[in-house]
Colleague: 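Mind looking over this structure? Questions follow.
Just so you know, ligand 1 is whichever comes first in the structure, and atom 1 is the first atom listed for that ligand.
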Amino acid sequence: MSEVDGSIDPHKVVFCDFDGTLTNFVIIDHLYETFAECGLQYAERWERGEISTMEEMESTFATVTASREEMERELAKVDLVPGVSEFISMCQKRGYSFAIVSDGLQWYIEYILRQHGITGLRIIASQIHFEPGAFRFSYPWYDPEIPLRSTSKPTIIRRYQERGSKVAFVGDGTSDFEVVGVADLIYARRKLAEYCLSKGVPAIEFTDFFDLLTKWQAF
Ligand SMILES: [Mg+2]
């Protein structure tokens, strides 16, 4: 990748979704299935667009009695999609600003990445606070413009674009739909790939991150 060295540009930003993108399944749904009395009941309503991420997380975690440590023992088993470390290294080598942008929780993202030796990444996501007998949440990236999401991905992307940055987005699912038509370049797997196709918005489809590396385009 020798052409890489000449292409360092701090105004290029890569935002990457977490659940279902860097991992093979949706981690928060796995926690719900494993630890919540109500299972996926609220997650399914969220998927249908009936409730917000905030309502989904708060209602579901209200039925969880497991401790943080018990949940982290489950998180410790989670694998990353092949090629994630290599992809992040490529971004750093090219001088892209890289961040994970998630409608999920910073807690489990950081925990899982650390299990795989990945630390120090910028993570834009919602917060869970473990308090005695209760879980509390805060949403630093909420924007009423996108009321169903706890982290407004298009708002964050536009903020960078207004400062002159170009933004490539990598994602997989429903919480990424609002970036379609906003991000300058989209790499998509699964549901997001189908969604882009249905909207006639160009997206580069990928399977895992080794595949994505072969399809990566200068932007
Ligand atoms: Mg996802």
Colleague: Report yes or no: is the cationic atom of Arg163 (NZ for Lys, CZ for Arg) closer than 6.0 Å to the six-membered ring centre of Tyr160, at no more than 45° off its axis?
Modeller: yes

Colleague: Over 60° means perpendicular and under 30° means parallel, so classify the ring planes of Phe87 and Phe98, tilted if in between.
Modeller: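 Correct class here is perpendicular.
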
Colleague: For Phe219, is the NZ or CZ atom of Lys12 found under 6.0 angstrom from the centre of its six-membered ring and inside 45 degrees of the ring axis?
Modeller: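 Yes, a cation-pi geometry holds between Lys12 and Phe219.
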
Colleague: Does a side chain donor of either Glu55 or Trp46 reach within less than 3.5 Å of an acceptor in the other side chain?
Modeller: no

Colleague: Please determine, by modelled atom types, if Asp19 and Tyr108 share a side-chain donor-acceptor pair under 3.5 angstrom.
Modeller: yes

Colleague: To the nearest 0.5 Å, what is the distance between CG (Leu192) and CZ (Arg189)?
Modeller: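 Atom-to-atom, Leu192:CG and Arg189:CZ are 11.0 Å apart.
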
Colleague: For the Mg ion (ligand 1), which protein N/O/S atoms are closer than 2.8 Å?
Modeller: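 Checking every protein N, O and S atom gives Asp17 OD2, Asp19 O, Asp172 OD1.
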
